[in-house]
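Beneath this line is the structure, given in structure tokens, with notes to follow.
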Amino acid sequence: MAEEQLTPRSENFSDWYNELVLKAEMADYSPVRGCMVVRPYGWTLWENMQAALDRRFKETGHVNAAFPLLIPKSFFEKEKEHVEGFAPELAVVTIGGGEELEEPLVVRPTSETIIGYMYSKWVKSWRDLPVLINQWGSVVRWELRTKLFLRTAEFYWQEGHTAHATEAEAREETLRMLDVYADFAVTECAIPVIKGIKSETEKFAGAVMSTTIEAMMGDTKSLQSGTSHFLGQNFARAFNIQYTDKNNELQYAWTTSWGLSTRMVGAIIMTHGDDKGLILPPRLAPIQVVIVPIYRSDAEKGLVMEAANRIFTELKAAGIRLKMDDREEVTPGFKYNDWEMRGVPLRMEIGPKDVEKSSVALARRDRPGREGKSFVPQANLAAAVADMLTDIQAAMLAKATAFRDSHIHDPKDMDELVKIVQNGWAYSWWCESKECESKVKELTKASTRCMPVDQPEGTGNCIVCGQPAKRRVLFGKSY
RNA sequence: CGGGGUGUAGCGCAGUUGGCAGCGCACCGCGUUUGGGACGCGGGGGUCGGCGGUUCAAGUCCGCCCACCCCGACCA
């Protein structure tokens, strides 16, 4: 039963990714151009991600609500930059119930406009603020070039929308949610990220300031993995979100929005995966432990299954997400490869020898081969397994961090920058002019990813033009 | 939306100067197997991406269209 091999990651990263997403049954292509079907294994991972994020949203005072999928087209014309940014990728409904609609409806590409409209109805007094609402849903953007999870015409995400009385409060909220995203990425996904501010050309259409968490994928390209925007009063003015302050004066509110999408699933795949397939972080993995029973005779089967079932029940009770692979029609060797491809963090083998010695064999997905294999006693197994899962989570983060850090360099000049961005990120002083930004892009295909929030002391000179620069920026190729 | 590539069984592919549509894996049945991708025997499965044209005859030649992938420009 020879299974098709994956294209090695080093040979062709893009092919490797596409094949893996399909083979691991994360997602599939849909009959509709550019759309994806998220399969149960991929969706369960997303559900675990949602739970981890939603918990953090609630802890920071937010509540969930649902806003409509369809938005009056005219709403998009109320904010100049917003309409310019999104016009090319809107899907528009013109017919309803067989009749041409009086006003076309846009399938939401994001919900600032319709939520802004509602907020203008709900906000009258300073006492109504802040409004802190999140929505889980999907949006549609008519993308020309799509890739499963990373860029699809419809994608699933959450979008938070908040309104505040003061600029300071709204800016604080923007950064608070950026921190939430960073904590989620690092703690749950085991993906190290750099928090930063987007350049003028890279920022969200309609925002005053966009912030991002940038992650480095296994091919050293950058992925914007979550964004948090300070919208100033742009949408408040466009939609009349006004309130009366304590001095009885009419004021425009200050708003923010922030989103994280199923793109993060792609980030997990591209950050941790290897030639054998996925490697999922234990905290999010749909299956944390897979048990593979091994036996020859019926007598052996009886003994092995008895032990395997007992251990299964014990680990289940301890809150570990696990699966018993008791398929009769495939060999243990096949199962090893199968579950490695699907990225299950820990494999437990239970055979006659283990029953005899009252132990089990554990194989860590993050350490291939003999190095990751150990034999542990069945006594206190749940605790040992939990410890190992914690260790795997930490090891994955450490490995990804070491990889990223070894691919970020400080170029001495443009020649060096050109070389660095072929296989990593350049961390350079930059004068923040569009001219210098586009010059780098023309020369290298690399764009500014972000100006990290945590900056070194002092000032320097722009890597491109040599003029004084206040901040450093990361240049890199991106998805 | 430009450039390139690919469309033949569920998947991966072969198909010569046009002449009965094939191979491997997967699938179904039976038996033997099972600590790193098992083996034997026997089966089933096709509008050759679509439409049109040339021809006695088209997977193959010609034209148009469609889809997908890769590389660019644009974006979470």
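Each chain gets a letter, A, B and so on, in the order the sequences are listed, and its residues count up from 1.
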C1'-based separation of C75(B) from C25(B) [nearest Å]: 39 Å

Pairwise P distance, C48(B) and A58(B) [rounded to whole Å]: 12 Å

With 3.5 Å as the limit, what N/O pairs link the protein to nucleotides 4-9 of chain B?
none

Spacing of Met209(A) atom CE and Leu175(A) atom CG [to the nearest 0.5 Å]: 5.0 Å

OP1 or OP2 of C70(B) under 4.0 Å from side-chain N/O of Asn18(A): yes

Lys276(A) NZ - G36(B) P separation (whole Å): 12 Å

Span that lies between the C1' atom of G18(B) and that of C61(B), in whole angstrom: 8 Å

Side chain proximity check, Tyr17(A) to Leu150(A), heavy atoms < 4.5 angstrom: yes

Interatomic distance where CG belongs to Leu22(A) and P belongs to G10(B) [whole Å]: 16 Å

Candidates Arg347(A), Arg367(A), Arg364(A) - the one meeting salt bridge (Lys or Arg N to Asp or Glu O under 4.0 Å) with Glu340(A): Arg347(A)

Footprint string (nucleotides 71-76 of chain B, 5' to 3'): B base within contact, S backbone only, - free, heavy atoms under 4.0 Å: SBBSBB

Under 3.5 Å side-chain donor-acceptor pair for Ser447(A) and Arg449(A): yes

Any donor-acceptor pair under 3.5 Å from Glu112(A) side chain to Ser257(A) backbone: no

Separation of atom CZ in Arg370(A) from atom C1' in G36(B), rounded to whole Å: 11 Å

Closest non-hydrogen atom pair between Val208(A) and Glu200(A), with its separation: O-OE2, 4.3 Å

Within the 6.0 Å centroid threshold, strictly below: His82(A) and Phe235(A): yes

Ring centre gap for Trp46(A) and Phe149(A) strictly below 6.0 Å: no

Intermediate values then yes/no, salt bridge (charged side-chain N to carboxylate O under 4.0 Å, His left out), Glu442(A) and Lys439(A): CA-CA 5 Å; Glu442(A) 280 167 35; Lys439(A) 192 171 173 185; over 6 Å; no

Partners passing side-chain contact (heavy atoms from CB on, under 4.5 Å) against Arg310(A) (at least two apart in sequence or in another chain): Ala307(A), Gln378(A)

Can you give me the N/O atom pairs linking the protein to nucleotides 31-33 of chain B at distances under 3.5 Å, or say none if there are none?
none

Nucleic acid contacts of residues 285-295 of chain A, taken as heavy-atom distances under 4.0 Å to RNA chain B: Ile294(A), Tyr295(A)

Integer angstrom distance from the C1' of C39(B) to that of U34(B): 12 Å

Value in whole Å for how far the P atom of G29(B) lies from CD of Glu329(A): 11 Å

Atom C1', compared across C56(B) and A67(B): separation rounded to whole Å: 34 Å

Modelled atom types, side-chain donor and acceptor of Thr162(A) and Thr256(A), under 3.5 Å: yes

Nearest-angstrom distance, P atom, C68(B) to A26(B): 30 Å

Same-atom distance (P) from U55(B) to A14(B), integer angstrom: 31 Å

Taking every non-hydrogen atom, the tightest pair across Val304(A) and Pro352(A): CG2-N, 3.7 Å

For atom NZ of Lys301(A) and atom P of G35(B), their distance in whole Å: 16 Å

Base G36(B) to side chain Glu340(A), donor-acceptor N/O within 3.5 Å cut-off: yes

Interatomic distance, Trp16(A) CH2 vs C69(B) P [rounded to whole Å]: 18 Å

Atom-to-atom span, CG of Asp28(A) to C1' of C68(B) - whole angstrom: 13 Å

Partner of Ser210(A) by side chain to side chain donor-acceptor pair (under 3.5 Å), out of Lys198(A), His229(A), Lys203(A), Gln224(A): His229(A)

Interface with RNA chain B, restricted to residues 342-355 of chain A and to heavy atoms under 4.0 Å: Arg347(A), Glu349(A), Gly351(A), Pro352(A), Lys353(A), Asp354(A)

Inter-nucleotide P distance (C70(B), G29(B)), Å rounded: 37 Å

Ring centroid separation Phe86(A) to Phe76(A) under 6.0 Å: no

Euclidean distance, atom CG of residue Asn337(A) to atom P of G35(B) [Å, nearest integer]: 12 Å

